[in-house]
Amino acid sequence: MPELPEVQTIARGLMTELRGRRIMSFELLSSGAVEKGRGAMSPAQMSRYLPGALIRRVWRRGKMLCIDLITKREPLLHMCFHLKMTGRLVVVPAGSEPDRHTRIVFRLNDGRALHFADARKFGYCRVMAPDDLDRWPFYATLGPEPLEIGEDAFLRLFEGRRSQVKSLLLDQHFIAGIGNIYADESLFRAGILPHAQADSVEPQRLRALHSAIHDVLTEAIAANGSSISDYRDAHGDSGAFQNDFRVYGRYGEPCRICQTTLERRTVAGRTSTYCPTCQH
DNA sequence: AGATCTACCTGGTTGC
DNA sequence: TGCAACCAGGTAGATC
């Protein structure tokens, strides 16, 4: 389930593999993989615009991944992907057959191909001109980047918010890129219960949370992300951060700090695991 | 405003 | 072994 560190790892890998290459053809194997919407290119338009497009840059915003293209008709197009839970973007060698979950094939001028696969079909691709990217509601309303926001600005986000802390962390409009895994891990490190009411958490603990989020995300990026089931990077390789989880998915096991049995409850509709002793 | 529920989708796991 | 039930999860949208 790609969150910020996984998307960052994929973007980094794709940047290395794809920059300077050209897309030769676009083949949609599963209708619905191209998201419709105001300003979004239809598959027919993509078939006209993409062949010959030069891949200039691959970047990330929140959990969204974007490939910048230079085409004959448009000086810049943004090809955005949201991988949701099971989406993959993998560069495959020449002659590779798409697997059963591959939804889009982009053939490259060096014989290789970029495959967009998604077992659960929640993910999508969306191609837009720069103006349309800025007008895309999902993109335009994303919250700040957790690795860029300063401590003071981070604390200000919580002012007057009565929601449970974890539901705020999961809200992409509040802060972008954090999902269930890194929310649980950050809250544990900061000693805050996931269901704590935001405006009742002392500033000192919110500072700890700011720092915990930074540390968790940075460590996960260094480990090439976490692989639970479907996640693979641009080379098809797994990440390693799942070996460093302190609470996520460890319900019923002992806390690594105090040995208390970890508990779980549903917060913001998500299974949340925490230590009732270390977090309060 | 905030919490909760539903829809979307299917592979994997659990239970009978 | 076979099959049904259930769970996972990001986001949008509806409802209380």
Show me the protein contacts with nucleotides 7-10 of chain B, counting only N or O atoms at under 3.5 Å.
| from | atom 1 | to | atom 2 | distance (Å) |
| --- | --- | --- | --- | --- |
| B:dC9 | O4' | A:R120 | O | 3.3 |
| B:dT10 | OP1 | A:K121 | NZ | 3.1 |

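- Because its NZ or CZ atom is not both nearer than 6.0 Å to the ring centre of A:F188 and within 45° of the ring axis, A:R246 does not count as a cation-pi partner of that residue.
- Side-chain atoms of A:K166 and A:S272 form a donor-acceptor pair, as typed in the model, at a separation below 3.5 Å.
- Ring-plane geometry between A:H82 and A:Y124 is classed as tilted, the angle between the planes lying from 30 to 60 degrees on a 0 to 90 degree scale.
- Cluster annotation: A:F116 is connected to A:L18 through the hydrophobic network of ILVMFWY side chains, with a link wherever side-chain heavy atoms come within less than 4.5 Å.
- Rounding to whole angstrom units, CZ of residue A:R126 and P of C:dT11 are separated by 14 Å.
- Bending across the helix from B:dG2-C:dC16 to B:dC16-C:dG2, expressed as the angle between its end axes from five pairs apiece, amounts to 60° (10° rounding).
- In this entry the distance linking OH of A:Y251 with P of C:dC7 reads 13 Å, nearest Å.
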Under 3.5 Å, which N/O atoms of the protein pair with N/O atoms of nucleotides 2-4 of chain B?
| from | atom 1 | to | atom 2 | distance (Å) |
| --- | --- | --- | --- | --- |
| B:dG2 | OP1 | A:R162 | N | 3.1 |
| B:dG2 | OP2 | A:R161 | NH2 | 3.4 |
| B:dG2 | O5' | A:S163 | OG | 3.4 |
| B:dA3 | OP1 | A:Q164 | N | 3.3 |
| B:dA3 | OP2 | A:S163 | OG | 3.4 |

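- A donor and an acceptor atom, one from each side chain of A:D215 and A:T218, are nowhere located under 3.5 Å apart.
- Residues A:Q242 and A:D244 have side chains that never bring a donor and an acceptor to within less than 3.5 angstrom of each other.
- Residue A:T271 places at least one side-chain N or O closer than 4.0 Å to OP1 or OP2 of C:dA8.
- Note that NZ of A:K36 is 7.0 Å distant from OG of A:S31, once rounded to the nearest 0.5 Å.
- In this model, no donor atom of one side chain and acceptor atom of the other lie less than 3.5 Å apart for A:T271 and A:Y251.
- For A:L170 and C:dG9, the CG to P distance is 10 Å, given to the nearest whole Å.
- Counting to the nearest Å, the C1' atom of C:dA12 and the CZ atom of A:F138 are 11 Å from each other.
- Straight-line distance from the CD atom of A:E3 to the P atom of C:dA8: 15 Å, rounded to whole Å.
- Rounding to whole angstrom units, NZ of residue A:K36 and P of C:dT11 are separated by 21 Å.
- The ring of A:F106 has its center no closer than 6.0 angstrom to the ring center of A:H115.
- Put simply, CG on A:L169 is 15 Å from C1' on C:dG10, counting in whole angstrom units.
- Under 4.0 angstrom from either OP1 or OP2 of C:dT11 there lies at least one side-chain N or O belonging to A:H82.
- Computed from coordinates, the A:F174 CZ to B:dA1 C1' distance equals 14 Å when rounded to whole Å.
- Contact annotation: A:Q172 reaches the phosphate of C:dT11 (side-chain N/O to OP1 or OP2, under 4.0 Å).
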Working note: A:L114 + A:L14, criterion side-chain contact (heavy atoms from CB on, under 4.5 Å); need CA distance, chi angles, decisive distance, verdict.
CA-CA 9 Å; A:L114 174 66; A:L14 291 179; 3.8 Å; yes

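- A donor-acceptor pair shorter than 3.5 Å can be found between the side chains of A:D118 and A:T86.
- Distances shown here put every side-chain N or O of A:Y182 at or beyond 4.0 Å from the OP1 or OP2 atom of C:dG9.
- Relative ring orientation between A:F138 and A:W136 is described as tilted, the plane-to-plane angle lying within the 30° to 60° band.
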